Amino acid sequence: MASCRIFTQRPLKIQDVLLHFRQGYATSAAHQPEPADPRPPEVAAQDRTANNPTSLSPQNDPQLFRGILGRAGVKVAVPVGNQYKPDPLLRQQLTAENQYEVLAQTMTPLSHIPYEDQLKFKWERNKKLVVNISRTLSKHIPMLYVDQDGLMCPVDPVVPSPLLTHFRNKDEFSVSTGIDGYSRRVGFYVGRSREGNVVCVAPRELINMKPSHRLLGEMFEKFLEMSPYDSCRQGPAGFVGHWKSITARSNRAGDLMASVIIHPQSLSAEELTTEKNRLVEFFVNGPGKECNLKSLYFQECRHSQCPPLLAPYQLLYGESHLYEHIGKLKFRISPSAFFQLNTEAAEKLYEKIAEVIKPDLNSVLMDVCCGTGTIGLSLAKRFDKVLGVEQDLVAVDDANYNAKANEIRNADFYCDAAEKAIPRLLKRKEFTYTNVSAVVNPSRSGLSVKVINALRKTPQVDRVIYVSCMPIGNAMRNILDLCLPTERALPGENFFPWTLEEVEYFAGLSSRRFDESDHEC
């Protein structure tokens, strides 16, 4: 990642974006953001199937990478040569024979293309995204400088990932009905919910998945074969069935954590205890022993998703946490806490953030959506103070533990809503800083307008680094809201896009406050 980037979504050949802004120039203008995608996020994220082709077009017959960019309205034709014909696979009906290939094309749509061409495609895509942002902002900021290519800020080449295969340190497997009608299939959803053809497919050919994660999914499916309870699914009157999912988390040392989620329905405490004991027996002494689990967790969840405070994770076996190293630092990871999926690429990302900010010991880093504190702690020695904000209490506990364990004394992490914490923390008497850099790394849903306005209205924040794994949709709306001139719905001083850089699997845009020279750059 680098100073100003927007990233598109993962699995194999898609990355997060880093956007760097500086603070800016104000005039009045109305901005109407696009409505959010109403579909469930897991369906929207995997909605690249037979009826929505994902193919790289030949130069003389340009088509779209529709699975990646179609819904964003971005049309990019990459001249990579006629040898890359549109892949007909995703135009076929999903069958028992092609289901694993279709899943692979859905989850890793660029994996059949040479890596150098993947990087080229992503760079061209990033430029197109910045052109679209530039075009929108220039309508509202007459003095905005745009170069001959339509870019308001530089777009650097994509920084390659150090690891190209088997890099994901977390995979969430659903339990649902497969294409053969078997109701306890463990895998990922493929299909379109609006057409009623969503099925669960086992991840047999995903090159971004670690073999240990795939084995865990296979073993859990064997366990379910012997269970008296079926998979959990949405019925007309609510959820029916029990088994929902299993999540695999691992570190570079090979330690593996499994978290099983069940809908308890009307099961008694004794019945649930029986299932917990069966899980432990299966994975510790039975066929699942092959997985060599470091930790086994169990969660009783009555909703689509349950935060740990609502439904605590219960440790059934092993260690309570995993530990991972980033650079010279050691991080503790809880089962529910956020941690970057590609550890090797995350290290590159944090280096790029530091290059963009150019911090000094008189400045402050505000780590918004900080998770376990990896960004703030990795950069702490370059700043006088690091302030982290996160709404997940478990992640904040991990972040403060990580600061203490790594003997970092200038970093504090707070469990609070970002829109409240940003102005409150920077108004404290002990914080007299006027040079505050904010790094935001939100989920795919992006930042709320309340957080955007808190950043705009806090004068100490002179630059924002926006890191995203999905630089289209909500991230694009956030970027525009940071940069659009002052209006009733967007109070405070706006920011100016400064650089866009991408590290494989991450992207970022850097912005800072607008000054009089910005229209001359």
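Small disclaimer: the values here were computed from a predicted structure and weren't measured.
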>> Contact between Leu256 and Lys294 at the side-chain level, heavy atoms closer than 4.5 Å - yes or no?
In response: no
>> Would the distance check show the side chain of Asn251 and the main-chain N or O of Tyr323 forming a donor-acceptor pair, the cut-off being under 3.5 Å?
In response: yes
>> Determine whether a donor-acceptor pair (N or O, by modelled atom type, separation under 3.5 Å) exists between the side chain of Gln265 and the backbone of Leu267.
In response: no
>> Please check this pair: side chain of Asp367 against backbone of Gly376, looking for a donor-acceptor N/O pair closer than 3.5 Å.
In response: yes
>> Within the supplied structure, the quantity of interest is the number of heavy atoms (other residues, nucleotides, ligands) at a distance under 6.0 Å from Glu290 CD; does it exceed 12?
In response: no
>> Main chain of Ala380, side chain of Asn410: is a donor-acceptor contact present, judged purely on distance under 3.5 Å?
In response: yes
> Can a donor-acceptor pair be found between the side chains of Thr343 and Asn169 at a distance below 3.5 Å?
Replying inline: yes
> Is the closest side-chain heavy-atom distance between Ile326 and Ser378 below 4.5 Å?
Replying inline: yes
> Is the number of heavy atoms from other residues, nucleotides or ligands under 6.0 Å of Arg204 CZ greater than 12?
Replying inline: no
> So, Glu347 and Arg252, do they make that salt bridge, N to O below 4.0 Å?
Replying inline: yes
>> Can you confirm if the NZ or CZ of Arg332 lies within 45° of the ring axis of Tyr401 and under 6.0 Å from the centre of its six-membered ring?
In response: yes
> Side chain of Ser363, backbone of Pro359: donor and acceptor closer than 3.5 Å?
Replying inline: no
> Would Glu218 and Val186 count as a side-chain contact (heavy atoms from CB on, under 4.5 Å) if you check the C-alpha gap in whole Å, the side-chain angles of each, and the deciding distance to 0.1 Å?
Replying inline: CA-CA 7 Å; Glu218 294 171 355; Val186 176; over 6 Å; no
> Between the side chains of Ser445 and Asn474, is a donor N or O closer than 3.5 angstrom to an acceptor N or O?
Replying inline: no
> Checking Asn478 side chain against Leu447 main chain: does a donor-acceptor pair fall under 3.5 Å?
Replying inline: yes
> Backbone N or O of Phe413 within a donor-acceptor pair of the Asn400 side chain at under 3.5 Å?
Replying inline: yes
> Quick one: does Met476's side chain get under 4.5 Å of Leu129's, heavy atoms only?
Replying inline: yes
> Taking all non-hydrogen atoms of both residues, which atom of Leu377 and which atom of Phe331 are closest, and how far apart?
Replying inline: CD1-CE2, 3.7 Å
> Between Arg184 and Glu225, is the closest basic N to carboxylate O distance under 4.0 Å?
Replying inline: no
>> Within the structure provided, determine whether Leu341 and Phe167 are in side-chain contact (heavy-atom separation under 4.5 Å).
In response: no
>> Measuring from atom NE2 of His321 to atom CG of Leu315, what distance do you get when rounded to the nearest 0.5 angstrom?
In response: 9.5 Å
> Sub-3.5 Å donor-acceptor pair from the side chain of Ser437 to the main-chain atoms of Ile357, do we have one?
Replying inline: no
> Ignoring hydrogens and geometry, is there a side-chain-to-backbone donor-acceptor pair from Gln460 to Leu426 under 3.5 Å?
Replying inline: yes
> Quick one: are Tyr115 and Leu164 in side-chain contact, heavy atoms under 4.5 Å?
Replying inline: yes
> Is it true that Tyr313 and Phe298 have ring centroids separated by less than 6.0 Å?
Replying inline: no
> If only atom types and distance count, is the side chain of Ser268 paired as donor or acceptor with the main-chain N or O of Glu271 below 3.5 Å?
Replying inline: yes
> Any side-chain heavy atom of Cys306 sitting closer than 4.5 Å to one from Gln299?
Replying inline: yes
> Side-chain contact, heavy-atom cut-off 4.5 Å: Phe283 with Cys291?
Replying inline: yes
> Any idea how Phe282 and Phe223 line up, ring-wise: parallel (<30°), tilted (30 to 60°), or perpendicular (>60°)?
Replying inline: perpendicular
> Any luck finding a side-chain donor-acceptor pair between Ser250 and Lys210 under 3.5 Å?
Replying inline: yes
> Is there a side-chain contact between Asn126 and Val158 (heavy atoms, below 4.5 Å)?
Replying inline: yes
> Salt bridge check: are Glu300 and Arg302 linked by an N-O gap of less than 4.0 Å?
Replying inline: no
